[in-house]
Amino acid sequence: MIKFSRDNLSLAFERFGHGAPLVLIHGFPLDHTIWDEIVPLLKDDFDLILPDLRGFGQSDAADADYAMRDLADDLAALLDHLGLESAFLAGHSMGGYVALAFASAYPRRVRGLALVASQAAADAPERRQGRYAQAWNIAENGIGDTVAAMTENLTPDPRVRKFVHDLMRRQKTSAYIGSLKAMAERADTMQALEESAFPLLLVHGDADGLIPVERAREIQARVPRARLVELPGCGHMPMMESPRPAADAFLGWIK
Ligand code: MLT
């Protein structure tokens, strides 16, 4: 992987292909390898940039607490490092929250935004408390309970479930805790999306057991210019469960 430094952290990313720059941002608690199957389908049309968010994959973990805005600033630093003024952004689940934080902070740097199995709503108070409890449990007992709970609801596809389970097991405890706090404290971005002007794409499986497809439908209802692509029978990992239709959604978006 390629590395660059920001905030005293070494942050890793991959880059493949040629065309319009598209940053593919992974979700929680994963890394850039979730995009491996879709890369060959997109690399002739996009300059694909695949970061490992701070703490995940081969990127360093931060010592102190951080917010979604810090993860967005990591992305801005990555674009600066690559000499890119703007890019398309596609965020999977928590990666969508990072993309939305980036769009709030740097609207002019966004050529288009795609939310893949993600949402614009902030956590309800009980969900936020649940995240703090989960972070506490991880600090005390490790990641086992979280991995088990997420695996169960992730996807109907056993091959994808196994891959993601093994990937989750490899991530650092500090990245789990840091991201749970950042997710708990993230802002609601629905109004910012309504007021934004960049092209908006929503890709969501209708069998997503972690973030229900209704969240994408709500965005579409509030932001009529958004293009919603619903993938039948697909769970929380569209780029692995339905790579061809997910890639076609991206290709249709820039054509
Ligand atoms: C993710 O898949 O990134 C997370 O499940 C998102 C969330 O917990 O809100």
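All ligand and atom numbering here is 1-based and tracks the order in the structure. Heavy-atom basis, side chains included; hydrogens, waters and symmetry copies ignored.
No donor-acceptor contact under 3.5 angstrom links the side chains of Asp47 and His18, judged on distance only. A side-chain N or O of Ser93 and one of His236 form a donor-acceptor pair less than 3.5 Å apart. No hydrogens or angles considered: nothing links the side chains of Gln134 and Tyr176 as a donor-acceptor pair under 3.5 Å.
Judged purely by atom type and a 3.5 angstrom limit, Arg109 uses its side chain to pair as donor or acceptor with the backbone of Glu85.
Comment: Arg217 engages Glu230 in a salt bridge, judged by a side-chain N to carboxylate O separation of less than 4.0 angstrom.
With Tyr97 as the aromatic partner, Arg186 meets the cation-pi criteria of under 6.0 angstrom to the ring centre and within 45 degrees of the ring axis.
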Check each N or O atom of ligand 1 against all protein N or O atoms and list the pairs under 3.5 Å, with atom names and distances to 0.1 Å, one per line.
{"from": "ligand 1", "atom 1": "2 (O)", "to": "Phe28", "atom 2": "O", "distance (Å)": "3.4"}
{"from": "ligand 1", "atom 1": "2 (O)", "to": "Ser93", "atom 2": "OG", "distance (Å)": "2.7"}
{"from": "ligand 1", "atom 1": "2 (O)", "to": "His236", "atom 2": "NE2", "distance (Å)": "2.8"}
{"from": "ligand 1", "atom 1": "3 (O)", "to": "Phe28", "atom 2": "N", "distance (Å)": "2.8"}
{"from": "ligand 1", "atom 1": "3 (O)", "to": "Ser93", "atom 2": "OG", "distance (Å)": "2.9"}
{"from": "ligand 1", "atom 1": "3 (O)", "to": "Met94", "atom 2": "N", "distance (Å)": "2.8"}
{"from": "ligand 1", "atom 1": "8 (O)", "to": "Arg127", "atom 2": "NH2", "distance (Å)": "3.3"}
{"from": "ligand 1", "atom 1": "8 (O)", "to": "Arg131", "atom 2": "NH1", "distance (Å)": "2.8"}
{"from": "ligand 1", "atom 1": "9 (O)", "to": "Tyr97", "atom 2": "OH", "distance (Å)": "2.5"}
{"from": "ligand 1", "atom 1": "9 (O)", "to": "Arg131", "atom 2": "NH2", "distance (Å)": "2.8"}

